[in-house]
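Note that this is a predicted model, so its numbers are computed, not measured.
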Amino acid sequence: MSITRYNPQKIEGKWQKTWTNLYKAKDFSKKPKFYILVEFPYPSGEGLHVGHCRSFSAFDAVARAKRMQGFNVLYPMGWDAFGLPAENYAIKTGIHPSITVKENIANFKRQMKGLGLSFDWDREINTTDPKYYKWTQWIFLQLFKKGLAYKKKMPINWCPSCKIGLANEEVVDGKCERCGAPAEQREKEQWMMAITKYADRLIDDLSRVDYLEKIKTQQINWIGKSIGTEVDFKLENSDRKIVVFTTRVDTVFGVTAIVISPENFFAGEIVAKDKKIAVQEYVKNAKVKTEFERTKIEKEKTGVFTGSYCINPLNNEKVPVWIGDYVVASYGGGAVMMVPAHDQRDYEFAKKYGLEIKEVIEGGLNKEKAYTECGKLINSSHFSGLSSEEAIKKITQWLKENNAGRERIQYKLRDWVFSRQHYWGEPIPIIHCEKCGMVADENLPVKLPFVKNYQPSGTGESPLSAMSSWVNVKCPSCKSKAKRETDTMPNWAGSSWYFLRYADTKNDKALASKEKLKYWLPVDWYNGGMEHTTLHLLYSRFWHKFLYDIKAVADPEPYSKRTSHGIVLAQDGRKMSKSWGNVVNPDIIVKELGADTLRIYEMFMGPFDQAIAWDGQGVKGARRFLDRFWNLALSSNAVKSSLEIKHAFNKLAKKVTEDLEATKFNTAIASFMEFINLVSGKQNETGKDVIKQLTVLLAPFAPHIAEEIWHKLGNKRSVHLQAWPKYHSVQEEKLDLIIQINSKVRDRIEIQAGMADEKIKEVALSQEKIKEILKDKEIKKIIIVKGRLINIVV
RNA sequence: GCCGCGGUGGUGAAAUUGGCAUACACGCAUGCCUUAGGAGCAUGUCUCGCAAGAGGUGUGGGUUCGACUCCCACCCGCGGCACCA
């Protein structure tokens, strides 16, 4: 029989047109809901990356399978469209970012549709749409009113050549990403978000969610909670004090100096007259250094003596106060107690400047390095003899009683710098009034005005500051002269709550209706890149907890389950990049081999969570598999399938279902291939019953070819509306039993299931091959593993 | 330095309550078909050995009837953090 050849170009577009109404998520339904979310992309000018295709296709398979399993599935898509590339492009070409973004979105959407992705396009969102960012601004105002959004002088990265403030991600190796000039530090008022107020809850609530373990660990480490003690060191001849934070208060009798950071406000105030010049010089040098230079690993520790002393409250000893740039200003108050005997950094510092090294923990002071272990206290007055653990408790208690210290928890997490001095972002809806100060502008949305010039202002303000007609307003409360805030929000703002908007995209009364939020949230499964673990994922959890506190949402956590995908590298193992010329364009693969081939290949190429290199040959293997499936499905004409084929299909259905849940897309596809290989040799045992079921099972992975085959087999309704194939645990009647001698496989036999152990022994020992080997050997032991093997130890 | 993940054929990899190591695919080789093959099909493809057989999952040790899988020590690679007191 001659059959038509598989030609994806002919069938894919045809079916895509018919699917437009299949994937609508219904608000409220008798079916259980299932909300699957993949991170929405920045619509760049380069178009869809094959990496996007990988995770979108894989979760498209999950979404389609879930629908067939009877869930009311929400699988939405949108655009995270604020950001620098569009602004930079506007600077270069004069074309307004909104136009570029519109074109790019159209292109992305065309590509996604061409892949047959089953997004519900009725719920498309765009962070740059005023109807959307109205609510981003609304959330900002709620945070502002609760004091969680506040202004503060902060050092920022500054490019002296572009005359513009740089976000951390725009500073690469200490240099401006655009022009390559070394970035400097500058002080500027910045909007901040008090994420540190939520630090404990962000850690504790991880126990409520199902995230990959590595994601949880990375967030916990990033937040960096550490429990310790604050100790007050009074300045000599002054009533001021320096407060230090330490996790090793048991070593407090070994303090031989206090070191404060150059930024510390004390630095200018406590310096003795004869040391002023030296200190000023040192601090000036330290401040010029960028964060990058200061944190170089090999850097030698430097410092300068202030000429002042303070008093150790435990033994009333006088200790010198130094300034050193190895002390981090923004952590623990920017001051440390120096215990060179038991801290390696302090040891190096003390060695360099000839400071005293005083041993207070027994353990043998080494000539080359500090002894940093815990142990028994010595030279510590009446605390001597205690263990470190006991001493930490007792000394902290003593400090409390004498009003010279207290327990204290510190975090590495810093508050979130929320301002950007750029044009292409959400305006911060705040008005600065001469009389009232900062006033919330409730008249939302505060629309981003069209400007003529996107060039940075050169003063460090955003290009908006030059728009006097926009900037100069009247105070909404007292009608006095006032100015708008000209800073805009960071990229992270719009993405910190977008998953809520999908529940109710057209609502203009609230960010989404309570009922719909209650129905759809939390997200059941959220997949994205590992690179977003400590920024986007943490920021959005923070905002969501805040919204929970003001009762805007019903759950304390936004995502029930979080997995991550590995990036797709170029064939040469490097990142895909225009400048390397190694970019794979999905359009070309779709055109030459078909969307289904691309989908299958990207799921098959390797473990989903691992970075993996593209392989141009490998894609062809995926196409071969689909060709074989096509030919088999259309040529098989047996009436009924044999028991063996039915069993094999049952096993396949089980494997595929389980692998989808576990993001093991690669082994799911491998099992399909295995099944096709098996069936190819047994076509007259393979009936239409199994072929139909196989087509349904493959439909989430390769939706177009499955739809075509399904119709060619005489069905009318879409394959994507079929019920997911059922499988059952098979009680096989006969089992393959492996016979080992000393754990080496020597023979295999077929036995009845449920055979008694004694009988199994008897049968195994009576095999000719086994008899031959055992001829002159003594049996020591026989181990039987039910249904698997028998091991004869000799 | 700290935290996390990993190391299995020529390549991407599979196999976990400890039980057949290398499934599936790529590549390669040989053959068939073909005017042709950059299409398709068939067979082979961890190492040594003609074979029977033996060895083999980064290295060394351990537990076990049995270890890719568990334990200890080490080496290497990747990712994140990095003077956080």
Side-chain angles (χ1 to χ4, degrees), chain A residues 5 212-222 224-226 228-229 231 244-249 251 259 261 294-301 324-339 342-346 348-349 372 410-414 530-531 533-534 564 566-567 571 600-601 604-607 609-622 624-625 627-628 631 664 666-677 680-681 736-748 780-794:
Chain A
R5 271 194 61 211
L212 288 181
E213 215 43 49
K214 62 178 171 180
I215 296 174
K216 287 191 184 183
T217 320
Q218 229 182 80
Q219 290 205 342
I220 290 168
N221 291 345
W222 180 262
K225 182 177 184 171
S226 75
T229 312
V231 186
V244 303
F245 173 77
T246 178
T247 53
R248 289 296 303 277
V249 78
T251 63
V259 189
S261 74
R294 273 179 62 177
T295 55
K296 269 188 189 158
I297 319 157
E298 331 78 46
K299 202 185 79 70
E300 204 180 316
K301 295 178 189 10
D325 69 358
Y326 79 98
V327 178
V328 176
S330 53
Y331 185 83
V336 300
M337 59 181 216
M338 195 183 77
V339 187
H342 305 293
D343 182 283
Q344 187 56 27
R345 295 156 304 195
D346 296 346
E348 286 166 27
F349 192 79
T372 57
Q410 280 286 340
Y411 303 92
K412 284 192 204 173
L413 182 71
R414 317 273 169 83
M530 256 336 257
E531 72 275 19
T533 302
T534 52
S564 76
I567 53 170
Q571 189 138 6
I600 292 285
Y601 169 63
F604 178 67
M605 65 198 295
D609 60 344
Q610 241 173 66
I612 198 136
W614 185 265
D615 177 9
Q617 289 298 330
V619 198
K620 290 184 187 152
R624 265 175 226 153
F625 160 66
D627 278 327
R628 285 165 60 106
N631 292 332
K664 290 162 90 174
N666 54 333
T667 50
I669 303 291
S671 309
F672 274 115
M673 291 171 166
E674 224 171 323
F675 185 76
I676 294 288
N677 290 347
S680 300
D736 260 345
L737 184 80
I738 291 149
I739 305 173
Q740 296 182 333
I741 291 168
N742 285 349
S743 307
K744 282 223 157 66
V745 180
R746 294 301 177 175
D747 201 2
R748 54 191 66 216
K780 279 193 187 149
K781 200 172 176 181
I782 294 179
I783 291 137
I784 295 174
V785 182
K786 275 264 178 289
R788 286 195 196 237
L789 59 78
I790 173 167
N791 187 13
I792 301 158
V793 186
V794 296

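Comparing the same atom, C1', in B:G55 and in B:U22 gives a spacing of 15 Å after rounding to whole Å. Between B:U30 and B:A67, the two P atoms lie 40 Å apart (nearest whole Å). On the P atoms, B:A23 is 27 Å away from B:C32, given to the nearest whole Å. Comparing the P positions of B:U17 and B:G10 gives an interatomic distance of 28 Å, to the nearest angstrom. Spacing between B:C3 and B:G58 at atom P, rounded to whole Å, works out to 23 Å. The same atom, C1', is picked in B:U45 and in B:A36; the two are 28 Å apart, to the nearest Å. Taking atom P in both B:C28 and B:A21, the straight-line distance is 30 Å, to the nearest Å.
In terms of phosphate contacts, A:N677 brings a side-chain nitrogen or oxygen within less than 4.0 Å of OP1 or OP2 of B:A25. One finds no side-chain N or O of A:N666 lying less than 4.0 angstrom from the OP1 or OP2 phosphate oxygen of B:G12. A sub-4.0 Å separation between OP1 or OP2 of B:C65 and a side-chain N or O of A:K781 is present. Side-chain nitrogen and oxygen atoms of A:Y331 include at least one within less than 4.0 Å of the OP1 or OP2 phosphate oxygen of B:A85. Side-chain N/O atoms of A:R624 include one lying less than 4.0 angstrom from OP1 or OP2 on B:G27. For B:G4, the OP1/OP2 oxygens have no side-chain nitrogen or oxygen of A:Q218 closer than 4.0 Å.
Across all strands shown, A:D346 has no heavy atoms under 4.0 Å from either base or sugar-phosphate atoms. Heavy atoms of A:D615 sit under 4.0 angstrom from primed sugar atoms or phosphate atoms, though from no base atom. Within the 4.0 angstrom heavy-atom criterion, only backbone atoms of the sugar-phosphate kind lie near A:K664; the bases stay farther away. A:V793 comes within contact range of the sugar-phosphate backbone alone, with a heavy-atom separation under 4.0 Å but no base atom that close. Nucleic acid contact class of A:G621 (heavy atoms, under 4.0 Å, all strands): sugar-phosphate only. Across all strands, A:Q610 comes closer than 4.0 Å only to sugar-phosphate atoms, never to a base (heavy-atom distances). Nucleic acid contact for A:V785: base, since at least one base atom lies under 4.0 Å from a heavy atom of the residue. Residue-level contact check: A:K744 touches the backbone only, with heavy atoms under 4.0 Å from sugar-phosphate atoms and none from bases. Using a 4.0 Å heavy-atom cutoff across all strands shown, A:K214 reaches sugar-phosphate atoms only and no base atom. Across all strands, A:S226 comes closer than 4.0 Å only to sugar-phosphate atoms, never to a base (heavy-atom distances).
When rounded to the nearest whole Å, the span between CZ of A:R788 and P of B:C20 equals 7 Å. Between the P atom of B:G12 and the CE atom of A:M605 lies a distance of 12 Å, rounded to the nearest Å. Between A:D609 atom CG and B:C5 atom P the separation is 12 Å, expressed in whole Å. Look at CG on A:D627: it is 7 Å from P on B:G40, rounded to the nearest Å. For the pair A:R628 CZ and B:A39 C1', the interatomic distance rounds to 15 Å; values are reported in whole Å. With rounding to whole Å, A:I612 atom CD1 is found 17 Å from B:C78 atom P. Atom-to-atom, CH2 of A:W222 to P of B:G4 comes out at 18 Å; the value is rounded to the nearest Å. Atom-to-atom, CD1 of A:I739 to P of B:G66 comes out at 19 Å; the value is rounded to the nearest Å.
Here A:E348 contributes atom CD and A:D343 contributes atom CG; the two are 9.0 Å apart, rounded to the nearest 0.5 Å.
No donor-acceptor contact under 3.5 Å links the side chain of A:N221 to the base of B:C3.
Residue order along RNA chain B, read from the 5' end via each residue's closest nucleotide, puts A:I669 first among A:I669 and A:R248. Between A:I783 and A:E674, the residue whose closest nucleotide on RNA chain B is further toward the 5' end is A:E674.
Nearest to the side-chain atoms of A:S743 among the listed nucleotides B:A54, B:A25, B:C65 stands B:C65.
A distance-only check finds a donor-acceptor pair linking the side chain of A:Q571 to the backbone of A:G616 [under 3.5 Å]. Side chain of A:Y601 to main chain of A:W614: no donor-acceptor pair is present (N/O by atom type, distance under 3.5 Å, no hydrogens or angles).
No side-chain heavy atom of A:Q740 sits under 4.5 Å from any side-chain heavy atom of A:I783. Between A:I784 and A:I790, some side-chain heavy-atom pair lies under the 4.5 Å cut-off. Looking at heavy atoms from C-beta onward, A:V619 lies out of side-chain contact with A:M605 at the 4.5 angstrom threshold.
The nucleotide B:G1 finds its pairing partner in B:C81, both defining distances of the Watson-Crick or G-U wobble pair being shorter than 3.5 Å.
Between A:Y326 and A:F349, the ring planes lie tilted relative to each other; the angle falls in the 30° to 60° range. Classified by interplanar angle (parallel below 30°, tilted 30° to 60°, perpendicular above 60°), the ring pair A:F672/A:F625 is tilted.
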